[in-house]
Amino acid sequence: MSMHGGGGGAARSGRMGMRGLTKDRNMLEHQITKGTFPRVLLYAKQYKKILIIFLCAVITDAIVSSVSPLLLRAIIDKGIIGKNQGLIIGLAFLTALLAVFDALLSLIERRISAVIGEGLICDLRSEVFQHIQSMPIAFFSRTQTGALISRLNNDVIGAQQAFTDLFSNIVGNLILVSIVLGTMFVLSWQITLVALILVPVFLLPARRVGKRLGGLFARGNELNANMNMVMNERFNVAGAMLVKLFGRPADEQKRFRDSAMEVRDIGIDQAIYSRFFFIALSLTASLATAFAYGFGGVQALNGTLAVGTVVAITAYLTRLYGPLTQLSNINIDYMSAMISFERLFEVLDLEPMIKESSTATSIPSGPARLEFDHVVFSYPSAEEVSLASLEAVVKLEKVAKTDVLHDLSFVVEPGTMTALVGPSGAGKTTISLLVSRLYDVISGSVRINGLDIRDATTESLNATVGVVTQDSHLFHDTIRVNLLYAKPDATEQELEKALRSAQIWPLVESLPLGLETVVGERGYRLSGGEKQRIALARLLLKSPKLVVLDEATAHLDAESESLVQKALEETMSERTSLVIAHRLSTIRNADQILVIEDGRVVQRGSHTELLREGGLYKDLYETQFAQQES
């Protein structure tokens with residue numbers, strides 16, 4: 001750890017940093033949430049044994065480090081001054097052995113520290129990742145991806161420091177300081193007393209600096225998360241395409257630079273506050289050393305203090321102020337680590353809205369029968385599913401909840417197709433989200449084969465319901481990997497059969513790499529129709545009993561839709577299906593059509609019956625479907 005001042009450059013940086021510190025005093029006075037530290041200790045339990053070994057190594061290292069000045073004293077007073085060559089050689093050899101032993105101890109400490117630290121990082125990341133995956137879709141629709149990634153990266157690493165740097169600094173340095181001070185008092189209580197009198201000059205302002213640094217670290221984490229969010233949104237295919245199509249690269253560059261400059265400014269503030277008391281302590285240590293040589297040198301000339309003792313005391317001073325520097329920095333390290341844990345606990349304390357019941361049972365076997373029974377639904381508020389820090393806002397918006405679905409009831413009989421039609425915003429997609437339990441109803445129930453899906457096991461619900469969304473997602477991987485996501489143990493024959501049924505096998509077969517072809521991020525290397533048919537093949541590979549198609553053919557050209565329609569006709573005949581579409585070809589052969597308006601079923605019947613009945617369906621037909629038919 002460097003103990004030197006920064007000179008003129010440091011002074012200039014200091015002026016820049018101090019100006020930044022006047023921006024937000026409230027941010028600098030961050031208070032750790034009560035109960036955070038006891039909760040942190042729970043994570044130490046699984047590392048209890050290895051932590052004991054680690055602390056033993058740290059304590060031994062501290063003891064060994066305190067012995068060298070005494071050997072140096074003996075070499076000077078009894079060896080050099082006493083003109084004892086054998087003693088000089090023996091003590092020098094012993095000093096070298098202790099140095100080698102100390103080096104080995106340092107390697108052992110680092111190895112154990114790495115095992116604990118990296119193990120904790122892995123555990124925390126896994127726990128946070130698992131928890132985030134359990135959150136409802138509403139959580140992901142509100143939070144910034146960059147903020148979540150920052151929690152998994154920056155904050156986890158910050159929390160890891162509590163188990164390595166803090167433990168080793170506190171225990172090792174306390175032992176070393178105790179031994180050094182005790183030995184110094186025995187050697188010269190006068191010099192030791194002066195050295196201790198100078199310590200408060202540094203320690204008193206260190207507490208205030210530590211508190212301010214805690215706020216700076218918290219703000220720094222937020223700014224880094226914002227910068228990560230900007231990069232994440234602009235570096236994916238859709239974001240990059242939007243920037244290029246609207247000709248806004250200069251604006252994006254300015255926005256990112258502004259974000260990067262904020263990170264730079266907070267980094268300067270952190271550096272100045274961190275460096276301030278190191279420089280102060282370096283000056284204090286230099287004053288103490290000067291006094292030790294001056295006072296001790298005079299006593300050595302007068303014969304009241306041995307020369308070796310003076311040298312040993314000055315050596316101990318270097319060992320005293322180094323650990324004191326780290327001990328005074330404990331407040332900063334503690335604040336930084338606790339803030340990181342606090343941000344992680346903030347995410348872990350968000351309760352998932354969708355949970356499997358402790359008494360959940362599997363959905364009864366047999367063809368699927370879907371029933372909506374007097375369903376009322378409204379989307380959850382921001383406070384129920386999100387955090388202000390994950391949305392980059394000061395506080396979450398408070399908007400009165402309004403019902404999206406009102407007393408909605410209908411039945412889809414086994415093996416039949418029900419089509420949902422209606423104007424945009426009527427609630428069709430919301431209905432499809434409830435079938436797969438991406439949200440829970442406010443009142444009423446959604447039942448499959450007579451079982452409320454809230455009482456069904458997640459595994460059986462996922463196996464029963466298959467969904468092809470309006471914008472089907474494909475991972476940036478091969479066609480094979482994307483298909484196997486539905487059925488990891490699928491055979492080559494099953495993959496080919498699914499692709500043939502989805503009318504996409506001839507294309508896959510013609511590709512140079514076949515199933516090993518990488519589809520690109522979100523499947524952007526494929527056309528819209530090819531992407532939809534790969535998604536349908538994945539659905540067919542899963543072979544669900546109940547299929548939900550959310551405008552699955554809305555983005556296809558006539559040829560692609562014809563192929564998809566053929567696939568649907570071949571594979572949906574024995575499955576229960578709920579289809580949302582704006583194309584006449586998708587719904588005209590449905591067994592039942594439900595016309596949705598303002599979250600209610602306003603009409604139901606077959607295509608012919610509803611045309612004859614008139615009303616909203618006829619209006620939709622004349623404005624949307626009649627042109628397709630002609």
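- Formation of a donor-acceptor pair under 3.5 Å by the Asn84 side chain with backbone atoms of Ile80 is not found in this model.
- Every side-chain contact (heavy atoms from CB on, under 4.5 Å) that His131 has, sequence neighbours left out, goes to Ser134, Met135, Val347, Leu348, Leu350, Pro352.
- Under a cut-off of 6.0 angstrom, the local environment of CZ in Phe101 is sparse, with at most 12 non-hydrogen atoms contributed by other residues, nucleotides or ligands.
- One distance of note links CZ of Arg319 with CD1 of Ile179; it measures 12.0 Å at 0.5 Å rounding.
- Ser68 is linked by a side chain to side chain donor-acceptor pair (under 3.5 Å) to nothing, counting only residues two or more places apart in sequence or in another chain.
- Distance check: Leu152 CG to Ile121 CD1 gives 12.0 Å after rounding to the nearest 0.5 Å.
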### Task
Begin from the C-alpha positions of Ile354 and Leu438 and carry the test side-chain contact (heavy atoms from CB on, under 4.5 Å) through to its verdict.
CA-CA 8 Å; Ile354 310 297; Leu438 295 178; over 6 Å; no
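- Contact between Ala57 and Leu105 at its shortest, heavy atoms only, is O-CD2, 4.2 Å.
- Residues satisfying the ring-ring contact (aromatic ring centres under 6.0 Å, His included) criterion with Phe139, sequence neighbours excluded, are absent altogether.
- With hydrogens and angles ignored, the 3.5 Å screen pairs a side-chain donor or acceptor of Tyr47 with a backbone N or O of Gly119.
- For Arg111, the side-chain contact (heavy atoms from CB on, under 4.5 Å) partners two or more places apart in sequence, or in a different chain, are Val115.
- For Phe256, there are no ring-ring contact (aromatic ring centres under 6.0 Å, His included) partners at least two apart in sequence or on another chain.
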### Stepwise side-chain contact (heavy atoms from CB on, under 4.5 Å) test for Val40 and Met338
CA-CA 8 Å; Val40 169; Met338 290 303 104; 4.0 Å; yes
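- Here Ile108 contributes atom CD1 and Arg110 contributes atom CZ; the two are 14.0 Å apart, rounded to the nearest 0.5 Å.
- In this structure Glu118 satisfies the salt bridge (Lys or Arg N to Asp or Glu O under 4.0 Å) test with no other residue, sequence neighbours excluded.
- Rounding to the nearest 0.5 angstrom, the gap separating the OG1 atom in Thr478 from the CD atom in Glu516 is 5.0 Å.
- Closest approach of Ile75 and Ala92 over heavy atoms only: CD1-N, 4.0 Å.
- Aromatic ring pairs are classed by plane angle as parallel below 30°, tilted from 30° to 60° and perpendicular above 60°; the pair His473 and Phe475 is perpendicular.
- The main-chain N or O of Leu305 is never found under 3.5 Å from a side-chain atom of Thr309 such that the two would form a donor-acceptor pair.
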#### Entry: side-chain contact (heavy atoms from CB on, under 4.5 Å) evaluation trace for Leu72 with Thr95
CA-CA 8 Å; Leu72 186 62; Thr95 303; over 6 Å; no
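- A donor-acceptor contact shorter than 3.5 Å is absent between the side chain of Tyr316 and the backbone of Val311.
- With sequence neighbours excluded, the residues satisfying salt bridge (Lys or Arg N to Asp or Glu O under 4.0 Å) with Arg39 are Asp349.
- Nearest approach of Arg73 to Ala312, heavy atoms of both residues: CB-CB, 3.8 Å.
- For Ser178, there are no side-chain contact (heavy atoms from CB on, under 4.5 Å) partners at least two apart in sequence or on another chain.
- Rounding to the nearest 0.5 Å gives a distance of 11.5 Å between CG of Leu71 and CD1 of Ile76.
- Considering only heavy atoms from C-beta on, Val156 comes within 4.5 Å of Leu344 through its side chain.
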### Task
Evaluate the criterion side-chain contact (heavy atoms from CB on, under 4.5 Å) for residue pair Ile89 and Gln85; output intermediate values, then yes/no.
CA-CA 6 Å; Ile89 295 173; Gln85 183 176 344; 4.0 Å; yes
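- Annotation: the span from Ile132 atom CD1 to Leu148 atom CG amounts to 4.5 Å, rounded to 0.5 Å.
- Within 6.0 Å of the CZ atom in Phe185, the count of heavy atoms belonging to other residues, nucleotides or ligands exceeds 12.
- In this structure, Leu176 and Ala62 approach most closely via the heavy-atom pair CD1-O, 3.3 Å.
- Side-chain contact check for Ser381 and Glu384: at least one donor-acceptor pair (N or O, by modelled atom type) lies under 3.5 Å.
- The nearest pair of heavy atoms linking Gln299 to Ser188 is OE1-OG, 4.4 Å.
- Applying the salt bridge (Lys or Arg N to Asp or Glu O under 4.0 Å) criterion to Glu356, with sequence neighbours excluded, gives no partner residue.
- Take Tyr293 and apply the side-chain contact (heavy atoms from CB on, under 4.5 Å) test, not counting sequence neighbours, and it matches Thr289, Val310, Thr314.
- Legend: residues meeting salt bridge (Lys or Arg N to Asp or Glu O under 4.0 Å) with Lys254, ordered by chain and number and at least two apart, are Asp258.
- Looking at Asn482, its side chain never comes within 3.5 Å of a backbone N or O of Leu474 through a donor-acceptor pair.
- Although no hydrogens or angles enter the test, the distance criterion places no donor-acceptor pair under 3.5 Å between the side chain of Ser66 and the main chain of Val180.
- Between Val307 and Ala300, the shortest heavy-atom distance links the atoms CG2-CB, 4.2 Å.
- Scored by the side chain to side chain donor-acceptor pair (under 3.5 Å) test, Arg151 finds Glu346, Ser389 as partners (sequence neighbours excluded).
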